[in-house]
Amino acid sequence: MLINVLISKDGGAFFGHNGYMTMTWRWFGEGNDSITLEQIRQIPGVEGIVWSLHDLQAGEVWPEERIKETMDLIEKAGFNGEVVESVNIHDSIKIGSPDRDKYIDIYINTIEKLGKAGVRVICYNFMPVFDWVRTDLYKEARDGSNALFYEKAKAESDPKILIKEILDGGKDFTMPGWEPERLASIEKLFDAYKGVDEEKLTANCRYFLERIIPACEKYDVKMAVHPDDPPWPIYGLPRIVRSADHIRRYLKLVDSPCNGLTFCTGSLGANGENDLVAMADEFHDRIHFAHLRNLKRDPNGDFIECSHRTQDGDVDLTGLVELLRRRDYNGYLRPDHGRHIWGEEETCRPGYGLYDRALGVMYLLGLWDAFGKGERK
Ligand code: DNO
């Protein structure tokens with residue numbers, strides 16, 4: 001580990017290292033995560049911490065000292081901090097408002113600072129208004145654990161009615177972006193997105209990528225867009241990263257290795273029509289970051305997150321790891337949402353507890369090493 005840290009400091013040599021992926025762990029920062037770096041160190045095989053400055057809103061400048069402070073903290077604990085998830089994109093950029101260039105300039109400034117600090121991959125999404133959507137964060141399973149759940153009929157009703165119900169205190173509805181202080185502006189945002197259909201959103205995305213990708217090439221930073229979650233349009237808002245066709249088009253908007261993908265199996269896998277192994281095969285050389293997790297779909301469109309084990313859900317993680325291994329995947333990888341087990345839902349961020357994600361790491365490493373010769377020393 002020490003050797004790796006030194007290599008990383010000397011020139012960011014993790015990416016592409018040894019033809020072996022880099023196992024990472026998403027950590028929300030000191031004082032912002034109930035899990036400590038010391039605990040993460042005891043999970044075998046984890047080399048990188050996926051981080052962000054979570055208190056900053058989309059469009060805010062990332063202060064250089066804070067980037068350095070976080071990288072130092074992570075490296076001192078024996079990890080690399082080469083992946084940031086996320087640098088969020090201001091809605092003006094997605095809407096294509098007249099002030100978008102100001103926000104794109106700030107984004108480029110962040111890319112430059114992160115690249116110079118040793119960050120190699122930035123995970124982000126291009127979803128209008130909201131990031132992922134779930135209707136229940138603690139849906140109980142038969143084994144007594146609980147996990148994030150999406151009830152289609154409940155989630156996909158009229159957003160204005162939903163907002164009213166939440167404000168009236170009548171709806172127990174938890175989603176990123178639906179924080180009470182943001183609800184008032186959400187209605188305005190919905191109006192601002194009127195007229196932004198799939199084509200317009202794609203054009204706005206192309207505009208953004210055409211401006212930022214040269215900076216990424218210069219500072220050796222790979223962008224990795226996160227798929228839409230769930231992978232279909234909701235609330236009348238367009239979604240442009242949700243199927244093989246959409247991703248093919250996205251990667252061609254600017255045809256550079258720096259315009260890449262976060263391959264999130266839990267997001268894409270909520271739509272049974274997405275053939276994940278075929279998609280990973282087709283896009284393997286543009287996948288810079290893989291979020292590997294499992295879920296169980298209901299034919300009515302609901303889905304629940306489950307353990308990482310292939311047999312427990314509908315995502316063929318075994319087939320995917322085999323494919324990535326065969327394709328010499330050498331990007332970053334992390335377990336994704338875990339269930340809450342052994343009573344930890346009281347303490348952790350929903351989906352980001354210690355235990356089930358640690359089990360996920362071990363499952364993924366088991367598959368990984370079984371499909372190869374475990375070259376990483
Ligand atoms: C959910 C995450 C997403 C992801 C963003 C990337 O747990 O995978 O929130 O971080 O969509 O911008």
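Read the numbers this way: they start at 1 and go in the same order the structure lists the ligands and their atoms.
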Does any N/O atom on Asp131 come nearer than 3.5 Å to any N/O atom on ligand 1?
-> yes
Can you list the ligand 1 atoms lying under 4.0 Å from a non-hydrogen atom of Asn125?
-> 5 (C), 6 (C), 11 (O), 12 (O)
Which of parallel (below 30°), tilted (30 to 60°) and perpendicular (above 60°) describes Tyr20 and Trp368?
-> perpendicular
Which of the atoms in ligand 1, numbered in the order shown and given with their element, are less than 4.0 Å from a heavy-atom of Cys123?
-> 6 (C)
Which of the atoms in ligand 1, numbered in the order shown and given with their element, are less than 4.0 Å from a heavy-atom of His291?
-> 8 (O)
Should you measure from each heavy atom of Tyr352, which atoms of ligand 1 turn up under 4.0 Å away?
-> 1 (C), 2 (C), 7 (O), 8 (O)
Could you tell me whether Asn88 and ligand 1 have an N or O pair separated by under 3.5 Å?
-> no
Show the numbers, then the answer: is there a side-chain hydrogen bond (donor to acceptor under 3.5 Å, both in side chains) between Tyr332 and Glu82?
-> CA-CA 9 Å; Tyr332 301 85; Glu82 296 172 1; 2.4 Å; yes
Side chain, backbone, both or neither: which part of Trp132 comes within less than 4.0 Å of ligand 1 when only heavy atoms are counted?
-> side chain
Give the single entry among Glu305, Arg349, Arg26 that approaches atom 2 (C) of ligand 1 most closely by any heavy atom.
-> Arg26
To the nearest 0.5 Å, how far apart are CZ in Phe289 and CE in Met21?
-> 12.5 Å
Could you give the distance from CG (Leu261) to CZ (Phe283), rounded to the nearest 0.5 Å?
-> 7.5 Å
Please determine if Arg211 and Asp101 form a salt bridge, counting it only when a charged side-chain N lies under 4.0 Å from a carboxylate O.
-> yes
Run the numbers on Leu268 and His291 for side-chain contact (heavy atoms from CB on, under 4.5 Å), then give the verdict.
-> CA-CA 11 Å; Leu268 293 167; His291 288 180; over 6 Å; no
Which ligand 1 atoms, with their elements, are less than 4.0 angstrom from a heavy-atom of His337?
-> 1 (C), 7 (O)
Between the CD1 atom in Ile40 and the CG atom in Asp33, the distance rounded to the nearest 0.5 Å is 6.5 Å
If you count the atoms of ligand 1 from 1 in the order shown, which ones are under 4.0 Å from a heavy atom of Glu85?
-> 2 (C), 4 (C), 8 (O), 10 (O)
Heavy-atom contacts with Ser86 under 4.0 Å: which atoms of ligand 1 show up? List them by number with element.
-> 5 (C), 6 (C), 10 (O), 12 (O)
Rounded to the nearest 0.5 Å, the NZ atom of Lys154 sits from the OG1 atom of Thr135 at a distance of 5.0 Å
Would you call Arg134 a ligand 1 contact, heavy-atom distance under 4.0 Å?
-> no
Salt bridge or not for Arg248 and Glu282, using N-O below 4.0 Å?
-> yes
Here the atoms of ligand 1 under 4.0 Å from any heavy atom belonging to Arg334 are 8 (O)
